[in-house]
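In what follows, a structure is listed as structure tokens, so that the remarks can point back to it.
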Amino acid sequence: MRTCYTGEVSLDRLDDVVTLFGWVHRRRDHGGVIFIDLRDRAGLAQVVCDPDRAEVFKVAENVRNEFCVRITGKVRRRPAGTENAGIGSGQIEILCHELEVLNASVTPPFQLDDDNLSETTRLTHRVLDLRRPQMQQNMMLRYKVAMAVRKYLDSLGFIDIETPMLTKSTPEGARDYLVPSRVNAGQFFALPQSPQLFKQLLMVAGFDRYYQITKCFRDEDLRADRQPEFTQIDCETSFLDEVEIRAIFEEMIRTVFRDVQGVQLSGQFPTMTYADAMRLYGSDKPDLRVKLQFTEMTDAMRDVDFKVFSAAAQMDGGRVVALRVPGGAEMPRSEIDAYTKFVGIYGAKGLAYIKINDASKGRDGMQSPIVKNLHDAALDTLLARTGARDGDIVFFGADKAKVVNDAMGALRVKIGHSEFGRKHGLFEASWQPLWVVDFPMFEHDEAEDRWVAVHHPFTAPKDGHEDYMATDPGRCVAKAYDMVLNGWEIGGGSVRIHREAVQSKVFRALKINAEEARAKFGFLLDALQYGAPPHGGIAFGLDRIVTMMAGAESIRDVIAFPKTQRAQDLLTQAPSPVDEKQLKELHIRLRAVEPKAPEAKV
């Protein structure tokens, strides 16, 4: 029987005889005495194999890295000067009395303490990668976060209810993953993008406080914070308004950070409207650690000679913003050129700037090729609104609002996180939570000339906004809210529609006719007619929360068996072909894949 985990052995067990199980992290032969660094999920401990114990020493001579072993030995204090403050067991070592190899290992493809492994290597040999101390810590952190969530929700009367993994395809956003039915030929299940409809049905069924830590599936393009299958902390409750719902889940996040990491988040999380977030930061998930904001300049640039500005200012849906960077006049031209190239990724055609050498001299104290094309009123307005001072630089974005918001929002974050930004106090290393509220209910899809739901079509409109859905959908504001932390959206939710008549109005605004609505969502529409209670909820991305807490670069570092950015599992080599017999049972015939033609730009 194991006495305790290897990494838990400390001075409290001095002179005890312990039995430990684990893997050989490293074997070292120091002139006749063999040291084994034994590793398990709790950490490392140093085991000393003395030649006086001939049988033990003989086994120790033959063990190698990643052998699985059992040791029994006496805990003793390390000799003075040999302590290791970097590990929990660094003040002790174990004099080995018995050493048994439970299973040998072939030579591993990499050293587990190698920090320069490629992600391809790590994911191909994921089992070994998961043995690495950092990955073990990440998985333990994930477990602790999930347990803290469960304890908190349980204390408030939320109950864990599972919802189906094989369900109906109701594509509203990302593509569904489809599962062919063998029994029902030619028909398909879909893996759930979220349990949204089912948790609403549970509210109608009377389970007024539900939660589930569950897998969701979306067939979408991937990046560092996305996976085709991801884990959601999914929650729903009845008879509460949006302010009350936010209060419950704000306290949940505060509790998780306090209990898991000892981090005290700010008192009440600040709240910002979607309109203000876009106006000041160009993003609905602003990173408030960066102390830079946009200054609106659209109205002041309508009649300037610089056509890039005036054309954008006069454009329907155009925008001109300024981004003042304190101390930025010292930036070399090479750095400005690099930022110009960077914003091009987001569709910006260039990056205009003005260096403020002496604000008291007006245009004569400004340095930029564009100054001569801006009249004095525009320059005076620029200085007054931005508060620019000597030594500052002001960058400009001018284009369609989306391009400006995307490009300048990304530039703001990049400058703030840069060495320059940190040196000049433009970045505050802290936890910065935020609620973003009052999202628009719809956005216009220019390509299809139709309105689409910003969140999902079951989000309730603000009181009094129901009639806008028929006359002016763009004015309709939703009872929707996102929780943002350090520039990542970690949770999003809304109050739901609980009246069938309002839900039907939303479908009409989205150009989903009665027949299509009945085919896709008939079961929900029917349920809403049976005294459905007012309800709402939120879903948090467990992967994202743990990634941030772990300080990891990607959510793949906190998921045991993730997919690559091409949605492949390098460990199991999935997805993979299946044989003809399986396809025949599913009534599926494959056709040759034709080369993909370049997509036409709209």
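The structure displayed is predicted, hence computed values, not measured ones.
Counting only distance, with no hydrogens or angles, the side chain of T459 and the backbone of H455 share no donor-acceptor pair below 3.5 Å. At least one donor-acceptor pair closer than 3.5 Å links the side chain of D392 to the backbone N or O of R389. Formation of a donor-acceptor pair under 3.5 Å by the K402 side chain with backbone atoms of D399 is not found in this model. Between the side chain of T298 and the backbone N or O of V320, at least one donor-acceptor pair lies under 3.5 Å. Side chain of E466 to main chain of G464: a donor-acceptor pair is present (N/O by atom type, distance under 3.5 Å, no hydrogens or angles). Checking side-chain atoms of D543 against main-chain N and O of Q232 turns up no donor-acceptor pair under 3.5 Å. Judged by distance alone, the side chain of H424 and the main-chain N or O of F420 form a donor-acceptor pair under 3.5 Å. In terms of modelled atom types and a separation under 3.5 Å, the side chain of Y481 and the main chain of S494 share a donor-acceptor contact.
Side-chain contact check for R142 and T231: at least one donor-acceptor pair (N or O, by modelled atom type) lies under 3.5 Å. Using modelled atom types and a 3.5 Å distance limit, the side chains of E250 and W435 yield a donor-acceptor pair. With 3.5 Å as the limit, one finds a donor-acceptor pair spanning the side chains of D449 and H444. In this model, a donor atom of one side chain and an acceptor atom of the other lie less than 3.5 Å apart for N357 and Q367.
Judged by a 6.0 Å distance limit and a 45° cone about the ring axis, R475 is positioned over the six-membered ring of Y468. By the 6.0 Å and 45° rule, R496 does not stack over the aromatic ring of F458.
Applying the salt bridge (charged side-chain N to carboxylate O under 4.0 Å, His left out) rule to pairs touching residues 409-419 yields nothing, sequence neighbours excluded.
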>> side chain to side chain contact (heavy atoms under 4.5 Å, CB included), that's the test. Do M441 and V454 meet it? Break it down for me.
In response: CA-CA 6 Å; M441 192 148 175; V454 169; over 6 Å; no
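Y339 and F342 have their aromatic ring centers separated by at least 6.0 angstrom. For F396 and Y353, the distance between ring centers is not under 6.0 angstrom.
Among the candidates V477, D482, T273, the single residue satisfying the side chain to side chain contact (heavy atoms under 4.5 Å, CB included) test with F439 is D482.
Among residues two or more places apart in sequence or in another chain, the side-chain hydrogen bond (donor to acceptor under 3.5 Å, both in side chains) test is passed with Q137 by none.
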